[in-house]
Amino acid sequence: MGKWDHLDREQMIEKVEQLLIENDKLRAEIARLRGVKRPASEAMESMSTKLKEALRE
């Protein structure tokens, strides 16, 4: 455990609970970010594709 060796049992439990709460928040944030689409990059890709096609013609 290293840096947690100085904590007693109650402090350790409190620290673990804090970390579990933080973990839940981070999981929720990851889920939210996975649901977000990137319209700017998609628009750039389609514009780039259109430009390439126009140059081919």
Side-chain angles (χ1 to χ4, degrees):
M1 284 199 253
K3 65 181 180 179
W4 290 14
D5 289 342
H6 67 282
L7 299 178
D8 65 16
R9 185 177 187 280
E10 293 302 317
Q11 290 172 323
M12 186 76 71
I13 291 171
E14 183 179 331
K15 184 69 173 173
V16 169
E17 288 173 351
Q18 289 172 355
L19 290 172
L20 289 171
I21 291 168
E22 182 180 356
N23 190 37
D24 288 341
K25 288 179 184 177
L26 291 172
R27 285 176 188 248
E29 181 70 8
I30 288 169
R32 184 187 68 79
L33 291 173
R34 283 186 177 154
V36 173
K37 302 245 190 264
R38 296 185 293 167
S41 65
E42 290 174 5
M44 292 298 285
E45 289 173 343
S46 64
M47 192 63 133
S48 175
T49 304
K50 289 177 184 176
L51 180 59
K52 288 177 187 175
E53 289 173 1
L55 289 173
R56 285 187 201 137
E57 295 176 357

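Just the heavy atoms: all of them, side chains too, but no hydrogens, waters or symmetry mates, feed the values below. Nothing fancy with the numbering, it's 1 onward along the sequence.
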Side chains of residues 9-21: which donor-acceptor partners sit under 3.5 Å, not counting sequence neighbours?
| from | atom 1 | to | atom 2 | distance (Å) |
| --- | --- | --- | --- | --- |
| Gln11 | OE1 | Asp8 | N | 3.0 |

### Partners meeting salt bridge (charged side-chain N to carboxylate O under 4.0 Å, His left out) with Glu29 (sequence neighbours left out)
Arg32
### Query
Pairs in or reaching into residues 19-28: which pass side chain to side chain donor-acceptor pair (under 3.5 Å), with residues at least two apart or in two chains?
none
